Structure formats: structure tokens, C-alpha cells
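Working notes for the structure below.
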2 protein chains.
Amino acid sequence: MTKAIDHLLNRLEAIGHVTDEDRKALRNLPIKEANLVKGTEIVADGETSSSCCMVVSGYLCRSKTLLDGSRQIFSLHTAGDIPDLHSLHLNRMDHSLSAISDCRIARIPHEAVYNALDACPSLNALLWRDTLIDSAAFRAWMLMLGQAEAVPRMAHFFCELFTRAAMAGLTENNTFPLPLTQADLGDILGISMVHANRTLQDLRGRGVMDFDQQIVSILRWDDLRKLGQFDPSYLHYLDGRIGRENPAKL
Amino acid sequence: MTKAIDHLLNRLEAIGHVTDEDRKALRNLPIKEANLVKGTEIVADGETSSSCCMVVSGYLCRSKTLLDGSRQIFSLHTAGDIPDLHSLHLNRMDHSLSAISDCRIARIPHEAVYNALDACPSLNALLWRDTLIDSAAFRAWMLMLGQAEAVPRMAHFFCELFTRAAMAGLTENNTFPLPLTQADLGDILGISMVHANRTLQDLRGRGVMDFDQQIVSILRWDDLRKLGQFDPSYLHYLDGRIGRENPAKL
DNA sequence: CGTTGCTTTGAACTAGCTCAAGACCTGTGG
DNA sequence: CCACAGGTCTTGAGCTAGTTCAAAGCAACG
């Protein structure tokens, strides 16, 4: 009945078929909510955790830092995401999970999830699918990191984020809040902060989007999409919602 | 009883606990083997497939190509790998799977896998875990793509490959066969072919490794590992085999 | 023994980096 | 209400890692 689980159900309904049994199993999960301030590390690289963490509001990120201090952010997570679902089957974290903005999360003990999965094979398949979509997003991102220059890379990033924010019901008038600094943006894109700034100015100059005061505005979706060669099909949203045949209408 | 399934069992035993029931379920899978020549595309980007593909010998790769023709290779796969296991739960491929060398593969119909998974929850968890390790390798790779320069990036790549080849029993005297061109290497590392060549010369010059005539030779493992900041723990091999506490002994 | 595919080299060019300073903004304490 | 401090954004300028283009060397193969 908690609002928190509704976010998750929303998202799962967008990526697959949710049975009544699944719904029931999820609603019965014992969760414990908490507020976190920006910068809090939830699970550290190398650690073992005994619960999963679901986002209720705000943004979490997964990242890893090299010895020289350079950090790569792998993914951002909004309402309904469970960024460390993989910890169910991989004991040791190979990266860290932290709050990139003030946010509210819900903790679900592994034990409870195991029980739900055992009792409900369709939920098992659905959550497996969820982790596979996560993996697909990594591939899309690797393609941009390895092969695209800063401008298309950034364009692609905002396309993905907008699509996912829209799915989570966080957009309004082609606009959504994004509590990131340009330094964070650089760590996502694999470029320096200075270059992130210049790349952003380039996108602004083209009139395709803006990002100011923590607000992203999509101004010309089709052009932005073309620029970033963004094809949302890797997010595997069901037809009828945002998908390849039906890209986010503006 | 087929040799093909043994490769898979080998690998699964290295990443988790395999029960007798799992073993039985796997051995009962109907498989159809085939030989492929280098370059054959097994599943195309955007396609839907109704079977999984297991590597028996040789190398497969997963990759995606941008409009301008630039290609990013996401991963390489050897004996025992099932690179498209995700197709069980994601119908449409978001990248393509192809033979990067002459190789032998075994096809397993989805239907048969579904049945095995339904009948055997522990196998289900084990294969889920396998796809999660796949995902962990992507993260490790994204870190290098986004934050490391060509030399450490290449060092890291050869470290991962050597570790996995060792696990699959393909190494001999710190040496293993790798049927790649330098152009392929560039597509993996996200650098041009010319730069791949120069980076390789750099590694050779440092005396840490060599790659010539399709043979990789690891000359100074510890230095190579340090250079690439390689920590094999993301591959999640069980203790007692190659792992963080027990890195590939040379 | 010529063709084909792979590797190697040189040389000019460029995307993105680093360093450093200034502008701007917001919250805090006097 | 002002001053100051700390974080963020913006700009300039010189530098470097990696790119592209083009040609030459090399090996295998029919």
C-alpha cells in the first residue's frame, strides 16, 4: 500500500507484464524508508549488503573511482529503480552506490526478496528482465563512450534520461528536474568538467535543449535524438508506451 | 554427455555452486552444434531469436555499429560462454552477435531452457548470476573507456582476457591464442587502429606482454595488472580458483 | 608471383585536457 | 544589511593524446 512500492510497480508495468500474484508479492515486501542527503554513500565498492535499495524520490548513482581519483558514473536512478538488485546474486559490490542528490529510498531485505522470488516464478523472470535492461543500458552507454564525441554523447545522455524520467512520470512540458552539477555530468560522459560546460553550451547554441538551475528542458526532441543517434528500444519499454515505434511524443 | 555442455559446466562451477540437479538439467538440454567462419553474424541487431548460442571453441563478439560505421565491441566470448543468454527475457536484440574468429557453437532452443529453469530454481539463480557477472564486466569496461588512457586500457583488457582464458583452460605457459586483428582491438578499446598498434608497441616496449601472430604472451603479470589497475573480483570467481585473494599465479 | 589482408611508420591535424583566473550565486554570521 | 566563504559556472590559453590520411613493408595464399 506504500507509495514507494507503487513507483516500482509503475516501472515494472512499463517493462513487462505484471500478474496479480506479482503485485501481491511486491506489496507484501517489508520495506524501511529513509531520507538521505546528497553525497551519502549507500553501499561502498567491495562491500557486501543484505538488502536492496529502491529509489522513492531523488537520484542515486552507481560509480567507481580509479586510484588517481577519476570517477566514472555508470548510471543514474530515479523513482522505482532498484540499482543494486544484482546484489541478490553477487555478494561483493564491484562499484559504489550513492545519493547524487538529496533523496528518499526504501530498503528491502534480501531475505524477503528471495522468499518472494521462490514463491512467484513470474516475478523472478520480471526482475531478471529488469537487470537485463540495466545491462542493455550499459551497452548503449559503452557505445557512446567508445565511439561518439562529446556533443552526441551528451545528447544521447539527455535523451535517455528524458525518456526514463517521462516513464517515471517526472516530466512536465518537456522539462524535468535533474539535480546534477556539471562536474557530475563530466563524470558521466567521461570528459572533463570544463569540456562538459563547453559541450553543454554547444547544445544550447543549437537550440535543442537547455540545462540550467537543475532543470533540463528539451526544446527540439527530434533534433536532439538525431544528434545523439538515440533509439530507445534498448530500454525495452512495452509498445503503447514510449518505445521504438512510438518515441516520446512532444 | 556432449563435450559442449562440459565447457559450460566448467564455467558455471567456477562462478557458483552447481547442484547435481542443475548438472542433469543442463546435460539434458537439446543442443545443435555448428561451425562458423570468421565474420559470420549469428544474431543481428534488432532481431529476435528463439535460441541461445553457446561457444564451444573460438571467439564470438557482441558489438554495435553507429551510422558512420564506427563499431564498438562490447565483449568477447570463449568456450562455455552463452553471450546471448539475455535473449531469454529480452526479445529484441539491441546489438549484434558474431563470430570474430572461425568457431564452433552450440544452439539451445529457448523453449528447452525455459523448461529447465522452471524445473530447477537453483539453475535459474545460477544463470541469472551469470548474466549479472556479464553486466559487471561491462561496468569494469566502461570505467576504462571513460577514464583510462589507451595504455592502461589495453593492459586491463589483456588482463581480463587472460584471466578468463585461464579459467576456461585455454592458457599454456602464460600464453593463449587470440584470433583478433589490431583493427578489432581498436574497436574494443575505442581507439583507432593506428593507435591500437602504437599502444601495443608501448606495452611490448615495457616488456609486460606481447601479442603477435594471434598469440598473447603475458611476460610480467604483476606489472601488467598494476598498469591496467586490474582487480579480477568483478569476474566473481569462487575462492580457490582465480580471484581477488588468489590472482592468476604465474 | 601477384593479390589480399594485416601491420607499421610518418606527418599534419584536432578534440579534449589542464591550469588558472574571474564571475556568479547562495547561505551564514556579524 | 553587508561581507565573506564556498560551491558552481564560465572563459582563455597552451598543451597532449589520439585522429586521419597516406604510403610502405610484410606474410600468406592461390
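Quick note on labels: first sequence line is chain A, next is B, and so on, each numbered from 1. What you are looking at is a predicted structure, and each value in this text was computed from that prediction instead of being measured.
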Residues which pass side-chain contact (heavy atoms from CB on, under 4.5 Å) with B/N35, listed by chain and number, not counting sequence neighbours:
B/R104

With a 4.5 Å limit on heavy-atom distance, are the side chains of A/E41 and A/S96 in contact?
yes

Which of residues 193-208 of chain A have a heavy atom under 4.0 Å from DNA chain D?
A/M193, A/V194, A/N197, A/R198, A/Q201, A/R204

Any side-chain N or O of A/K38 below 4.0 angstrom from OP1/OP2 of D/dG7?
no

Give me the residues of residues 145-158 of chain B where at least one heavy atom lies under 4.0 Å from an atom of DNA chain D, by number, or none.
B/E149, B/A150

Test of ring centre spacing under 6.0 Å for B/H86 and A/H236
no

With B/D45, which of B/K64, B/R71, B/R62 fulfils salt bridge (Lys or Arg N to Asp or Glu O under 4.0 Å)?
B/K64

Relative orientation of the end axes in the helix from C/dC1-D/dG30 to C/dA21-D/dT10, expressed as an angle to the nearest 10° (five pairs per end):
30°

Would you tabulate the side-chain donor-acceptor contacts of residues 190-198 of chain A under 3.5 Å, counting partners in other chains and residues two or more places apart, or write 'none'?
residue, atom, partner, partner atom, Å
A/S192, OG, A/H195, N, 3.2
A/N197, OD1, A/Q201, NE2, 2.4
A/N197, ND2, A/Q182, OE1, 2.8

Whether A/D84 side chain and A/C53 backbone form a donor-acceptor pair below 3.5 Å
yes

Take atom CG of B/D212 as the centre, draw a 6.0 Å sphere, and report whether it contains more than 12 heavy atoms from other residues, nucleotides or ligands.
yes

In numerical order, the residues of residues 180-191 of chain B whose heavy atoms come under 4.0 Å of DNA chain C are B/T181, B/Q182

Taking protein heavy atoms under 4.0 Å as touching, what does nucleotides 23-30 of chain D look like 5' to 3' if B marks base contact, S marks sugar-phosphate-only contact and - marks none?
--------

With a 4.5 Å cut-off on side-chain heavy atoms, are B/L203 and B/F211 touching?
no

B/F176: ring pair (Phe, Tyr, Trp, His ring centres under 6.0 Å) partners, not counting sequence neighbours:
B/F162

Atom CD1 of A/I215 and atom C1' of D/dT8: how far apart are they, to the nearest Å?
17 Å

Name all residues meeting the side-chain contact (heavy atoms from CB on, under 4.5 Å) criterion together with B/T131; count only those two or more places apart in sequence or in a different chain, and write none if there are none.
A/W128, A/L132, B/L85, B/W128

Does a salt bridge link A/D231 with A/R225, judged by any charged N lying under 4.0 Å from a carboxylate O?
no

Residues that A/S87 engages under side-chain hydrogen bond (donor to acceptor under 3.5 Å, both in side chains), provided they are two or more places apart:
A/H110

My understanding is that only residues two or more places apart in sequence, or in another chain, count here; which of them pass side-chain contact (heavy atoms from CB on, under 4.5 Å) with A/D68?
A/L66, A/S70

Salt bridge (Lys or Arg N to Asp or Glu O under 4.0 Å): which pairs involve residues 138-151 of chain A, sequence neighbours left out?
A/R139-B/D94

Closer than 4.0 angstrom, basic N to acidic O: yes or no for A/R206 and A/D202?
yes

